[in-house]
*Asks:* 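Take this structure, written in structure tokens, and hold onto it; I'll ask about it next.
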Amino acid sequence: MEKLRRVLSGQDDEEQGLTAQVLEASSLSYNTRLKWFVICFVCGIFFSVLGTGLLWLPGGIKLFAVFYTFGNLAALASTCFLMGPVKQLKKMFETTRLLATIIMLWHKKGLALLFCILQFLSMTWDAVIKCCSSLLS
């Protein structure tokens, strides 16, 4: 109903800031969304690092797969709290990010460790950019 009022009064969605659009699209407050972002992101990093550490134990490849996957899912869920799941999926499959979304090379432990570190760095960078852009809007 509020959207109809804005359209009839001449206000457009483009005039709203990103934060206002996010708050309107969700029943969660901005502070709640930010808290759950931090919780999920920290848990994601923790489980990913734990999984990476387990990779070096004898027979730890299965534990690595479980914990690292859980960590990645938690980190992805964290950014869903900031921008929403649909927008998150659209961003993941944009042409500039498609290659990073698709490629997973796990043939050697050293290569796996290198990609884990790169993924941690890119996840952190992506989260910082999204958080800053939502704060500035």
*Asks:* Determine, using the 4.5 Å side-chain heavy-atom cutoff (strictly less than), whether Leu63 and Leu57 are members of one ILVMFWY cluster.
*Replies:* yes
*Asks:* Any side-chain to backbone donor/acceptor pair from Thr69 onto Val66? Under 3.5 Å, distance only.
*Replies:* no
*Asks:* Rounded to the nearest 0.5 Å, what separates atom OG in Ser78 from atom CD1 in Ile45?
*Replies:* 8.5 Å
*Asks:* Taking all atoms of both residues into account, what is the closest heavy-atom pair of Phe81 and Cys40, and its distance?
*Replies:* CE1-SG, 3.7 Å
*Asks:* Go through the steps for Leu82 and Leu34 under the test side chain to side chain contact (heavy atoms under 4.5 Å, CB included), then give the verdict.
*Replies:* CA-CA 7 Å; Leu82 287 180; Leu34 197 56; 4.0 Å; yes
*Asks:* When the ring planes of Phe47 and Phe70 are compared, do they come out parallel, tilted or perpendicular, using 30° and 60° as the limits?
*Replies:* perpendicular
*Asks:* What is the distance from atom SG of Cys80 to atom CZ of Arg33, rounded to the nearest 0.5 Å?
*Replies:* 9.5 Å
*Asks:* Rounded to the nearest 0.5 Å, how far apart are OG of Ser48 and CG of Leu73?
*Replies:* 9.0 Å
*Asks:* Checking Ile61 against Leu55 for the side chain to side chain contact (heavy atoms under 4.5 Å, CB included) test, could you report, in this order, the C-alpha distance in whole Å, the side-chain angles of both residues, the deciding distance, and whether it holds?
*Replies:* CA-CA 5 Å; Ile61 193 79; Leu55 177 67; 3.4 Å; yes
*Asks:* Return yes when atom CZ of Phe120 has more than 12 non-hydrogen atoms of other residues, nucleotides or ligands closer than 6.0 Å, and no otherwise.
*Replies:* yes
*Asks:* How many angstroms lie between CG in Asp126 and NZ in Lys130, if you round to the nearest 0.5 Å?
*Replies:* 3.5 Å
*Asks:* What are the two closest heavy atoms between Phe37 and Ala127, and how far apart are they?
*Replies:* CZ-CB, 3.6 Å
*Asks:* Measure the spacing between OG1 of Thr124 and CZ of Phe41 and express it to the nearest 0.5 Å.
*Replies:* 3.5 Å
*Asks:* About how many Å separate OH of Tyr68 and CG of Leu54, when rounded to the nearest 0.5 Å?
*Replies:* 13.5 Å
